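Heads up, the thing below is written out as C-alpha cells.
On a predicted model such as this, the values are computed, not experimentally measured, just so you know. Numbers here are sequence positions counted from 1.
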Amino acid sequence: EGFRSPSEHLLDFEDVTVNTPDGFRLRGWLIKQPMPRDCDTVIYYHENAGNIGGRLHFIKKMYEKWDANILIVGYRGYGHSEGVP
C-alpha cells in the first residue's frame, strides 16, 4: 500500500504545478534536501500504473543515496495532472 504524502516518510516537500507550453498543468511534489539550492534536482515522472504515493519508498532511497532534490510529477492525464495521456 502506498503512502499518501512525503511527510509520512519525514521528507520536506512542497506541492508543485508545472505549467506546460500548451496550457496544461502537471501536478506533483518537490522533495527538498536540507540545503536545496546546493543540490542537483532529479525529475521523476511516476505514473503509468500506480499512484504517486506508491513511489515514495523508492523516492526516499534516491533522496538519501544521491543527496538530490526530487521533483516527482505525473504524466498528462494521470493522477492530478491535466490533459490526456
Side-chain angles (χ1 to χ4, degrees):
E1 187 170 314
F3 290 85
R4 295 169 296 233
S5 167
S7 63
E8 294 179 33
H9 272 289
L10 305 176
L11 297 169
D12 182 28
F13 79 102
E14 62 184 73
D15 290 310
V16 296
T17 300
V18 177
N19 296 307
T20 66
D22 55 349
F24 291 101
R25 292 180 294 205
L26 307 180
R27 309 289 186 171
W29 297 319
L30 176 60
I31 301 170
K32 301 180 285 184
Q33 291 287 337
M35 301 290 288
R37 294 185 185 270
D38 295 337
C39 299
D40 292 329
T41 299
V42 173
I43 301 173
Y44 185 92
Y45 288 94
H46 66 88
E47 287 182 291
N48 183 359
N51 172 291
I52 190 172
R55 309 291 190 252
L56 284 170
H57 182 71
F58 179 66
I59 293 297
K60 184 174 182 182
K61 287 182 180 183
M62 289 190 328
Y63 173 89
E64 291 170 346
K65 183 173 182 164
W66 297 343
D67 198 30
N69 304 306
I70 311 291
L71 174 61
I72 179 170
V73 295
Y75 291 113
R76 294 168 186 253
Y78 288 93
H80 296 286
S81 294
E82 298 175 344
V84 177

What donor-acceptor contacts under 3.5 angstrom involve side-chain atoms of residues 30-40, with partners at least two apart or in another chain?
from: Lys32; atom 1: NZ; to: Glu14; atom 2: OE1; distance (Å): 3.1
from: Gln33; atom 1: NE2; to: Tyr63; atom 2: O; distance (Å): 2.9
from: Gln33; atom 1: NE2; to: Ala68; atom 2: O; distance (Å): 3.0

Heavy-atom side-chain proximity of [X] to [Y] below 4.5 angstrom:
X	Y	answer
Arg76	Val84	no
Ile70	Met62	yes
Tyr78	Pro85	yes

Which distance, rounded to the nearest 0.5 Å, do you find between the CD1 of Ile43 and the OG1 of Thr41?
-> 8.0 Å
To the nearest 0.5 angstrom, please state how far the OG atom of Ser5 sits from the CG atom of Leu56.
-> 7.5 Å
Co-membership, hydrophobic cluster, residues [X] and [Y], 4.5 Å side-chain:
X	Y	value
Val73	Tyr75	yes
Phe24	Val16	no
Ile72	Trp66	yes

Could you label the plane-to-plane angle of the Trp29 and Phe13 rings as parallel, tilted or perpendicular, counting under 30° as parallel and over 60° as perpendicular?
-> perpendicular
Heavy atoms of Lys60 and His9 approach each other most closely as CD-ND1, 3.5 Å
Which heavy atom of Glu82 sits nearest a heavy atom of Leu26, and at what distance?
-> O-CD2, 4.4 Å
With sequence neighbours excluded, residues passing ring pair (Phe, Tyr, Trp, His ring centres under 6.0 Å) with Phe58 = Tyr44
Residue set satisfying side chain to side chain contact (heavy atoms under 4.5 Å, CB included) with Thr17, at least two apart, ordered chain then number -> Asn19, Arg25, Arg27
